[in-house]
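It should be emphasised that the depicted structure is a prediction, and the values quoted were computed from it without experimental measurement.
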Amino acid sequence: MTNLDGKKRLVIVGNGMAGINTVEHILKLSPNTYQITVFGSEPYPNYNRIQLSYVLEKSKSIEEIILNDRDWYDAHGIELYTGTHVTAIDTEQKTVEASNGMVVPYDRLVIATGSRPFMLPVPGVDKQGIVGFRDIADCEQMLHAADLYRKAAVIGGGLLGLEAAKGLLKLGMEVTVVHLFRELMERQLDPVASHMLQAELESQGLQFATGKQTAEFLGDERVSGIRFADGTELEAEFVVMAAGIKPNTELAQSAGLAVNRGILVDDYMRTSAPDVYAVGECNEHRGISYGLVAPLFEQGAVLAKHLCDIETPPYEGSVVSTQLKISGVDVFSAGEFMDTEDLAVVRMHDDWRRIYKKVLMRGGRIIGGILVGDGREASRLQQWIRTGAIMTEAIHTAIVGQGAPDTENTVADLADEEIVCGCNGVSKKRIVDAITENGLTTVEEIKSTTSACRSCGGCRPVIEQILQYVLGDQYDSAAAKKETICSCTSLSRDEVVREIKEKGLITSQEVRYALEWNNKEGCSKCRPALNYYLGMIWPAEHVDERDSRFVNERMHANIQKDGTFGVVPRMYGGVTTPEDLRLIADIAVKYNVKMVKVTGGQRLDLLGIKKEDLPNIWKDLGMPSGYAYAKALRTVKTCVGSQFCRFGTKDSITMGVLIEKRFERLDMPAKFKMAVNGCPRNCAESSTKDIGIVGNEGAWELYVGGNGGIKARLAELLCKVKTDEELLEIIAAFIQHYRETGKYLERTSDWIERVGLQSIMDTVVNDLDNRHALVERIELALSQVQEPWNEILDNQNLREKMFDDVRISTTQS
């Protein structure tokens with residue numbers, strides 16, 4: 001069964017990391033063999049599930065964890081159906097039937113349906129407020145719950161449970177981790193490491209109920225608590241299940257495939273049916289169903305070669321490793337980790353520095369290890385375990401930290417077939433070949449070419465060593481670490497901005513052609529970045545390229561997972577009137593708004609609005625856009641200040657409204673939040689904002705670079721000023737300096753750490769001439785901005801183009 005162009009039909013059931021990684025390998029090995037169709041049950045293209053904890057902690061958006069956007073599928077001729085389930089497989093007729101009514105024939109079929117959270121079979125498990133943690137929809141439920149409830153419980157003290165718990169803690173909830181065993185991560189850590197981990201997490205604010213068996217979930221329709229087998233109870237308004245996973249086998253089972261815990265496969269991922277394969281968490285290989293990414297990618301590499309008729313060694317199982325992705329917690333485990341009589345152990349335990357290292361050997365060969373508090377040797381330890389390295393004096397020294405540090409490049413001794421990037425299954429040889437064949441000189445180029453370092457980033461130090469080893473005297477450490485703006489070019493952000501200025505480039509197309517972009521059409525990463533840089537450099541000359549913006553910015557509203565939108569009208573300084581509140585309520589009823597929510601920035605969010613209703617809602621509201629969707633000033637949060645508060649020393653409301661009205665609608669590298677406190681009590685939370693202002697008697701204090709999320713950062717004091725005029729001037733200069741030197745999507749917290757607070761202080765506070773020049777440039781930019789909702793309402797052609805015929809994609813938000 002082939003297409004008219006001679007290609008065989010390959011159908012992938014599952015759009016996750018395992019299935020699409022297999023497709024990526026196929027495209028590299030034999031790009032013209034298959035016509036590929038992919039079905040995904042989620043409404044998103046392929047994304048990095050490893051980084052869901054970052055989305056939960058709000059340090060990354062959904063768009064930032066997308067691995068392959070829709071343009072990638074189109075570029076490779078892949079038919080992608082998102083939000084679509086495969087409901088049946090006919091192994092005799094060799095067809096699949098989908099929930100959208102399609103019946104698609106196949107020559108080869110790959111089942112990559114993944115897994116789902118294991119839900120404890122106890123009374124009350126079906127109550128509202130009990131969710132798993134496996135996909136973006138789960139993240140969204142957890143984010144929503146954090147706005148409504150205070151007390152959360154996470155059932156499961158393993159890798160996923162701890163990451164979920166820390167995410168909820170970051171969102172402001174009181175979180176208790178409930179675990180059946182006495183030790184956390186008992187499948188990866190010994191008791192010593194487990195207790196050290198628990199102590200560290202307790203110091204960060206997490207609570208634990210270990211050795212507790214869940215017997216019942218309390219409450220009426222919604223969960224209110226947990227009753228344990230010992231009769232004790234725990235109050236919980238929200239519960240996350242992270243007690244394990246269950247392979248999704250129902251589809252395979254209904255098709256008559258052999259299934260045990262997972263779909264049974266051989267060493268080439270073949271199931272019991274001809275031309276049907278299973279890869280990833282849904283399968284069971286030699287009695288094991290893996291729940292970590294690295295084994296799934298190793299399976300995919302073997303499967304891809306088999307599907308392309310390329311001879312390959314069989315998949316014989318994986319040595320798994322685990323690394324926590326929690327800020328401030330350094331934990332790594334690989335291979336065997338518990339002491340037994342037949343094992344020799346090298347151990348180092350430093351209570352004062354909170355460091356624990358343990359390496360286990362059998363017959364002198366390293367077969368496992370644990371690192372807590374110091375993960376610098378994680379990559380090498382993993383290599384030693386995979387290769388069964390023999391313990392030597394040098395390795396012993398590296399582990400226990402005695403003697404002179406080993407500064408030599410050790411990758412020369414690494415075997416060619418050794419896997420360097422476990423997440424994506426990239427070997428040393430593949431990286432070396434990519435460097436020599438393509439003339440690569442940076443880690444970013446290696447990432448783009450091989451996918452190494454694409455997921456968790458833990459292998460970056462080893463990749464830098466390989467780069468240095470291959471290039472020798474030609475290695476440039478600064479160049480090697482250069483970050484290009486995307487894979488379409490070898491130029492960094494600063495180089496692109498310099499070329500735009502020097503060559504007078506006005507449009508993105510001019511930039512891509514003049515600077516010799518590899519992909520002349522650009523990609524979803526560089527198109528919005530170039531549009532921002534051009535608008536920042538040439539505010540009067542550059543015409544905004546609306547199609548290059550993310551979908552939220554194109555539609556001037558926040559797209560939701562069901563395809564509806566959220567509308568947030570501007571409320572300057574969080575202040576509104578009874579008339580405006582009545583108007584919002586009337587419109588919410590008129591347009592059947594699903595939810596009206598108070599946001600963290602003191603505004604009202606109207607959720608569940610149809611795309612075609614957006615212009616009419618904007619017209620009926622008659623209020624300016626709150627820019628809740630933009631890379632721009634979101635809100636200026638205020639306390640009531642001296643107008644009402646008995647402690648207030650400054651009029652924070654008036655200042656907040658003034659700032660918000662002055663700087664609204666101005667494009668910036670990333671979203672931008674501000675707050676004004678009328679006294680040092682910090683009710684408006686200035687310490688976690690991009691700019692935070694605190695009023696004292698006779699002066700304003702200006703703090704910058706605050707942020708929450710996985711990389712929480714308190715704002716730092718930039719200066720103190722006495723007058724409102726000087727405060728506004730320095731704010732303007734600071735914003736413009738950030739606009740001109742920040743990377744696209746780089747928050748001020750990262751920007752300040754990169755360029756240094758003192759440098760910023762010298763530029764916008766101490767150098768008066770430069771400060772005034774920055775203010776002049778921002779005034780020019782501000783003179784070009786327009787109210788976006790009115791712009792759409794006043795332009796009938798634009799309104800029809802955007803809201804009548806456009807098919808909205810959810811790849812970016």
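Counting all heavy atoms, side chain and backbone alike, N707 lies closest to S749 at ND2-OG, 3.0 Å. Across all their heavy atoms, T450 and R430 have their closest contact at O-NH2, 3.2 Å. The nearest pair of heavy atoms linking Y290 to L296 is O-CD2, 3.9 Å. Of all the heavy atoms in H179 and G158, the pair that sits closest is CE1-N, 4.3 Å. Summarising the geometry of N68 relative to P45, their closest heavy-atom pair is O-CB, 3.2 Å, with the distance given to 0.1 Å. Annotation for A153 and I226: closest pair CB-CD1, 3.8 Å, computed over non-hydrogen atoms.
Between D750 and R713 no salt bridge is recorded (no basic side-chain N to carboxylate O distance below 4.0 Å). Looking at E237 and K151, no side-chain N of the basic residue comes within less than 4.0 Å of a carboxylate O on the acidic one, giving no salt bridge. Salt bridge annotation for R270-D266: present, with a cationic side-chain nitrogen under 4.0 angstrom from a carboxylate oxygen.
At a threshold of 4.5 Å between non-hydrogen side-chain atoms, the residues F217 and D126 do not count as touching. Two residues are said to be in side-chain contact when any heavy atoms from C-beta on lie closer than 4.5 Å; L56 and L171 meet this criterion. A 4.5 Å side-chain heavy-atom check between Y47 and D135 finds at least one atom pair inside the cut-off. Under the 4.5 Å side-chain criterion, counting only non-hydrogen atoms from C-beta, M269 is in contact with H285. Considering only heavy atoms from C-beta on, F332 stays 4.5 Å or farther from T322 through its side chain. Looking at Y268 and V302, their side chains come closer than 4.5 Å, going by heavy atoms from C-beta outward. Residues Y356 and D190 have side chains in contact (heavy-atom distance under 4.5 Å, counting atoms from C-beta outward). For the pair V131/M142, a side-chain contact is recorded, criterion being any heavy-atom separation below 4.5 Å from C-beta on.
Within a 6.0 Å radius of NZ in K305, other residues, nucleotides and ligands contribute 12 heavy atoms or fewer. Counting heavy atoms of neighbouring residues, nucleotides and ligands inside a 6.0 Å radius, atom NE2 of H349 exceeds 12 of them. Counting non-hydrogen atoms of neighbouring residues, nucleotides and ligands closer than 6.0 angstrom, the CZ atom of R286 exceeds 12 such neighbours. Atom CZ of R754 has more than 12 neighbouring heavy atoms from other residues, nucleotides or ligands inside a 6.0 Å radius.
Side-chain atoms of E183 never come within 3.5 Å of backbone atoms of P191 as a donor-acceptor pair (strictly under, hydrogens ignored). Judged by distance alone, with hydrogens and angles left aside, the side-chain atoms of K358 form no donor-acceptor pair with the main-chain N or O of V345 at under 3.5 Å. Side chain of R49 to backbone of R134: a donor-acceptor contact under 3.5 angstrom is found. Distance alone, capped at 3.5 Å, places no donor-acceptor pair between the R227 side chain and the E216 backbone. Under a 3.5 Å cut-off, the side chain of N21 and the backbone N or O of M17 do not form any donor-acceptor pair. For the pair R261 (side chain) and E284 (backbone), a donor-acceptor distance under 3.5 Å is absent. Using a distance-only test at 3.5 Å, with no hydrogens or angles considered, a donor-acceptor pair links the side chain of N46 to the main chain of G16. When atom types are taken as modelled, the side chain of T210 and the backbone of F181 share no donor-acceptor pair closer than 3.5 angstrom. Although no hydrogens or angles enter the test, the distance criterion places a donor-acceptor pair under 3.5 Å between the side chain of T392 and the main chain of I395.
Note: L120 CG to I130 CD1 = 9.5 Å, rounded to the nearest 0.5 Å. For the atom pair I463 CD1 and K428 NZ, the distance stands at 13.5 Å (nearest 0.5 Å). If you take CG on L184 and CG on L162, they are separated by 5.5 Å, rounding to the nearest 0.5 Å. If you take CD1 on I370 and CG on L197, they are separated by 11.0 Å, rounding to the nearest 0.5 Å. L168 CG to L143 CG: the interatomic distance, rounded to the nearest 0.5 Å, is 8.5 Å. Atom CD of Q299 and atom CG of D267 lie 10.0 Å apart (nearest 0.5 Å).
Between the side chains of Q204 and E200, at least one donor N or O sits under 3.5 Å from an acceptor N or O. E281 and S115 share a side-chain donor-acceptor pair at under 3.5 Å. Defined by atom type and a distance below 3.5 Å, a donor-acceptor pair is present between the side-chain atoms of K212 and T232. For the residue pair Y315/T312, the side-chain donor-acceptor check at 3.5 Å is not satisfied. In summary, the side chains of T113 and N248 do not present any donor paired with an acceptor at a separation below 3.5 Å, with no hydrogens or angles considered.
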Do T22 and I12 pass the side chain to side chain contact (heavy atoms under 4.5 Å, CB included) test, and can you show the C-alpha distance, the side-chain angles, and the key distance before you say yes or no? CA-CA 9 Å; T22 303; I12 311 291; 5.7 Å; no

Any chance you could lay out the side chain to side chain contact (heavy atoms under 4.5 Å, CB included) test for F133 and C139, step after step, and finish with the verdict? CA-CA 7 Å; F133 181 34; C139 272; 3.6 Å; yes

For the pair E464 and Q468, evaluate side-chain hydrogen bond (donor to acceptor under 3.5 Å, both in side chains) and give the outcome as yes or no after the intermediate values. CA-CA 6 Å; E464 289 178 355; Q468 182 178 4; over 6 Å; no

Test L381 against V359 for side chain to side chain contact (heavy atoms under 4.5 Å, CB included), laying out the working first. CA-CA 8 Å; L381 176 56; V359 175; 3.9 Å; yes

Please determine whether side chain to side chain contact (heavy atoms under 4.5 Å, CB included) holds for the pair F238 and R222, giving the CA-CA distance in whole Å, both sets of side-chain angles, and the decisive distance to 0.1 Å. CA-CA 9 Å; F238 185 67; R222 181 177 183 85; 3.8 Å; yes

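Looking at residues two or more places apart in sequence or on another chain, you find a side-chain contact (heavy atoms from CB on, under 4.5 Å) between D350 and M348, W352, R353, I355. By the side-chain contact (heavy atoms from CB on, under 4.5 Å) test, L169 is found to be paired with K166, V175, L206, residues two or more places apart in sequence or in another chain being considered.
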